[in-house]
2 protein chains.
Amino acid sequence: MDQDQASIGADLQRRLDHYVRPGIPKYMAMRDAIAHAVADGSWVPGLRLPTEVEWAATLPLSIGTIQRALRMLVDEGIIVRQQGSGTFVAGQPDESMHAPLHCRFIDDSGTGYLPVYPKIVDRHDVKEPGPWTDHLRCPRTLCIERVLAIGDEFSVFSRFYADPQRLSAFQSLPLKKLANENFKELIMRDTAQAIGRMDQYLSARRFEAPICKAIGVRSGTCGQRLDIRAYVGKGSPVYYQELFIPPNERVLHLARDGRDRGLAEG
Amino acid sequence: MDQDQASIGADLQRRLDHYVRPGIPKYMAMRDAIAHAVADGSWVPGLRLPTEVEWAATLPLSIGTIQRALRMLVDEGIIVRQQGSGTFVAGQPDESMHAPLHCRFIDDSGTGYLPVYPKIVDRHDVKEPGPWTDHLRCPRTLCIERVLAIGDEFSVFSRFYADPQRLSAFQSLPLKKLANENFKELIMRDTAQAIGRMDQYLSARRFEAPICKAIGVRSGTCGQRLDIRAYVGKGSPVYYQELFIPPNERVLHLARDGRDRGLAEG
DNA sequence: GCCCATTTGTGCGTATGTATG
DNA sequence: GCATACATACGCACAAATGGG
């Protein structure tokens, strides 16, 4: 075991201590420890991890338990394993990881998306109940309003609802910083899980006057409204979002989940 | 082991012989055997399966291998396991299983979908290439054109493309029978896998005259066009579909995948 | 409430097969 | 050919939940 492998092993051992809890299976603790190490950027894509036997010698886990944790991570797309070669942190070779989840309007080439320039309009607590209440089921709800400029063609209005206690970054980051962040990546860092499911509700609606004004369309414009319920893992709600999409000539790629690899594999 | 359990075990043993092949892992063969038994209706929802030890005594498989196969089936939602109780074929207690994948327009109550009345307009082979070519990659492509009446409110036009060699039911069934079938269920029976991924592409377009005529809107109508690439399992393409949705007042629930449980759990 | 057989869930250790370099 | 490393398979022991007596 060379020095790098040893340091990775030591790093994981420290992390494991935070995740082994009575009631939590060992394979799950190891899965969480590795997932967080990758999600927070400590372990970069392409990094080679120690072998099964190395880890079995270092950690208080058997080979079978380690294999089960690693198999889960493979299923989630977090690591890649190659027989005879080794185990590696999965990489996003292109920039599709940084692509937005929603508002993916296909560009003229047909192989990429129009750039999205977000601007935060407001961030506030919401008191009154709404469709997000049933979804999130949290004592407090944070709402972030944004205007998303699509290329230089048109703008989409967005309301993003989340539990500030669970996704603390959305509450704590200054607005200037938050504007430049990819929401999907923030969620991954806070939860170490990818968006695993989304229910989307589409309808044609007349937009309220303030929204029309914010996105620069004439008052009374009728466009698409997309309501989104997003989950991580097998069904744990993370956010609720409302999108107001004005009439346009583009094709919108509706994402299946947060692990989409962009258009290349489609 | 009572008589029923014994007969289930014997049934699986027969099926296993069809699936154990050199190169196919045993756990995968067992997974496929059970998945098909459930998909073709031989094993009905709620049926209790033999215990791990019973199967280990009957089949040439170890407990660990059996557990791995059953765990996969749990992840896929095909079976349910309860510690101390047993293993059961997963059930669709409501009719949501029979709900369509697409064209799920929410009804006035907000808890269900408007009924969909499909009518087959045409079935033919397509020679010329199109967006479905890259997706399906099959020598022949079958196209089924339908008019889907949504409640008694409006109609949606649909073109469904698939590989007739893979989904033989769509080729072989007489049109009268095909019209009454749920396409999603036909696919599950032919592949023993649920729709596991969908890429959807939404745009606003002016419909061609024949389509306008078929769904009873005035020529030149502009509405939503939804192109769908569907996959089973982790990324095996199964069909390509084009939907032409005229302007309407309803909310369309865009499905995440074929295992959606309807609105109740959303 | 308690005990107990049943059944699944977790964890360990080992052996062997197969792809990689 | 050979060592390495992941993949599959087996078997065992014990924990935890369930359901009935």
Side-chain angles (χ1 to χ4, degrees), chain A residues 1-2 4-6 8-9 16 19-34 46-90 234, chain B residues 1-2 4-6 8-9 16 19-34 46-90 234:
Chain A
M1 193 190 302
D2 62 85
D4 286 348
Q5 302 280 304
I8 297 172
L16 260 185
Y19 292 98
V20 284
R21 258 187 288 279
I24 304 292
K26 289 186 179 181
Y27 65 86
M28 194 64 78
M30 183 174 182
R31 180 252 159 228
D32 289 341
I34 296 177
L47 177 69
R48 184 191 165 141
L49 303 185
T51 69
E52 297 173 351
V53 288
E54 283 169 353
W55 259 339
T58 314
L59 307 171
L61 307 171
S62 72
I63 293 262
T65 302
I66 292 168
Q67 285 178 331
R68 183 161 176 186
L70 296 179
R71 188 158 53 237
M72 291 182 70
L73 291 161
V74 169
D75 289 341
E76 297 180 67
I78 294 176
I79 64 173
V80 176
R81 313 194 75 199
Q82 200 161 20
Q83 191 173 155
S85 177
T87 301
F88 308 86
V89 175
K234 287 206 165 302
Chain B
M1 192 190 305
D2 62 87
D4 286 347
Q5 303 279 305
I8 297 172
L16 259 186
Y19 292 98
V20 283
R21 257 187 287 279
I24 304 294
K26 290 187 180 181
Y27 67 84
M28 194 63 78
M30 183 175 182
R31 180 254 158 223
D32 288 341
I34 295 177
L47 178 68
R48 183 190 166 143
L49 304 185
T51 69
E52 297 174 354
V53 288
E54 283 171 351
W55 259 338
T58 314
L59 307 172
L61 307 171
S62 71
I63 293 261
T65 302
I66 292 168
Q67 285 179 330
R68 183 162 176 186
L70 296 179
R71 189 159 54 236
M72 291 183 68
L73 291 161
V74 169
D75 289 341
E76 297 180 66
I78 295 176
I79 65 172
V80 177
R81 313 194 75 199
Q82 200 161 21
Q83 192 172 154
S85 176
T87 301
F88 307 86
V89 175
K234 286 206 167 299

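It should be emphasised that the depicted structure is a prediction, and the values quoted were computed from it without experimental measurement. Letters A, B, ... are given to chains in the order of the sequence lines, protein chains preceding strands, and every chain is numbered from 1.
For A:Arg31, the salt bridge (Lys or Arg N to Asp or Glu O under 4.0 Å) test picks out A:Glu76, with sequence neighbours left out. The side-chain hydrogen bond (donor to acceptor under 3.5 Å, both in side chains) check on B:Thr51 picks up nothing, with sequence neighbours excluded. Under the side-chain hydrogen bond (donor to acceptor under 3.5 Å, both in side chains) criterion, B:Ser85 pairs with no residue at all, not counting sequence neighbours. Partners of B:Tyr27 under the ring-ring contact (aromatic ring centres under 6.0 Å, His included) rule, at least two apart in sequence or in another chain, do not exist in this structure. Evaluation of the side-chain contact (heavy atoms from CB on, under 4.5 Å) rule for B:Arg81 yields B:Glu52, B:Leu70, B:Val74, B:Ile79, B:Thr87 as partners, not counting sequence neighbours.
A donor-acceptor pair under 3.5 Å is absent between the side-chain atoms of B:Thr65 and the main chain of B:Leu61, judged by distance alone.
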Nucleotides 6-12 of chain C: protein proximity per nucleotide (B base, S sugar-phosphate only, - neither; heavy atom, under 4.0 Å): BBBBBSB
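A:Ile34 contributes atom CD1, which lies 11.0 Å from atom CE of A:Met72 (distance to the nearest 0.5 angstrom).
When DNA chain D is scanned in the 5' to 3' direction for atoms under 4.0 Å from non-hydrogen atoms of chain A, the outermost contacting nucleotides are D:dT4 to D:dT8.
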